[in-house]
Amino acid sequence: MFIVRRAEGIKKAPEVFAALCACIPSGDSWTNFQDVSRLLARKINFHEFGYSQFKKLALDAEKRGLVSVQNNGSSWLIKRSATPSAQ
């Protein structure tokens, strides 16, 4: 089971967000959307969860506090915000 530990408690994350967080390298460095999207495509089809684009999934994950997203000119970057753990 995938859970996210946060200051306000433990919340279960849907499968698509668990897969997304697993594809983002740990640490404080930013990663290119394309790299994460390719890794995610090997694990799960995010289209099956109602996301037409990887960017929409990433922005939804950011709203939930799981990741941080930034636009650097024409490049989109992503990094983990919370520390997800599998149990």
Side-chain angles (χ1 to χ4, degrees):
M1 176 184 300
F2 180 81
I3 58 173
V4 177
R5 296 177 192 274
R6 303 191 57 189
E8 65 269 9
I10 297 175
K11 296 182 179 181
K12 293 182 184 177
E15 180 182 0
V16 69
F17 296 121
L20 172 64
C21 289
C23 292
I24 301 171
S26 59
D28 199 34
S29 62
W30 292 93
T31 305
N32 192 316
F33 263 30
Q34 290 177 339
D35 297 336
V36 177
S37 180
R38 284 187 203 124
L39 288 173
L40 183 63
R42 294 179 190 159
K43 295 183 176 201
I44 198 167
N45 182 357
F46 58 84
H47 295 98
E48 292 177 0
F49 293 88
Y51 294 100
S52 59
Q53 299 176 349
F54 176 77
K55 179 179 160 184
K56 291 181 180 183
L57 168 63
L59 292 173
D60 205 15
E62 183 179 41
K63 288 178 188 175
R64 289 169 167 74
L66 300 173
V67 300
S68 294
V69 173
Q70 87 176 26
N71 183 320
N72 186 9
S74 62
S75 298
W76 284 88
L77 304 171
I78 190 168
K79 71 176 181 177
R80 290 186 191 186
S81 292
T83 307
S85 64
Q87 289 187 350

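In this text the structure is predicted, and so the values were computed from the model without any measurement.
A salt bridge (charged side-chain N to carboxylate O under 4.0 Å, His left out) check over residues 23-35, counting only residues at least two apart or in different chains, returns the pairs Asp28-Lys79, Asp35-Arg38.
In this structure, Leu20 and Phe54 have side chains that are in contact, with non-hydrogen atoms separated by less than 4.5 Å.
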Side-chain donor-acceptor pairs under 3.5 Å in residues 42-49, sequence neighbours left out?
| unit_1 | atom_1 | unit_2 | atom_2 | d |
| --- | --- | --- | --- | --- |
| Asn45 | OD1 | His47 | N | 3.0 |
| Asn45 | OD1 | His47 | ND1 | 3.0 |
| His47 | NE2 | Ser52 | O | 3.3 |

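In this view, Lys55 and Phe33, Gln53, Leu59, Trp76 satisfy the side-chain contact (heavy atoms from CB on, under 4.5 Å) rule, not counting sequence neighbours.
Ser81 approaches Ser68 most closely through the heavy-atom pair OG-OG, 2.7 Å. Across all non-hydrogen atoms, the minimal contact from Cys23 to Val36 is CB-CG1, 4.0 Å.
In this structure, CG on Leu77 lies 6.0 Å from CG on Asn32, to the nearest 0.5 angstrom. Interatomic distance, SG of Cys21 versus CD1 of Ile78, reported as 8.0 Å (0.5 Å rounding).
Using a cutoff of 4.0 Å between basic side-chain nitrogens and carboxylate oxygens, Lys56 and Asp60 are not scored as salt-bridged.
Cluster annotation: Tyr51 and Val69 are assigned to the same hydrophobic cluster (Ile/Leu/Val/Met/Phe/Trp/Tyr, side-chain heavy-atom contacts under 4.5 Å, transitive).
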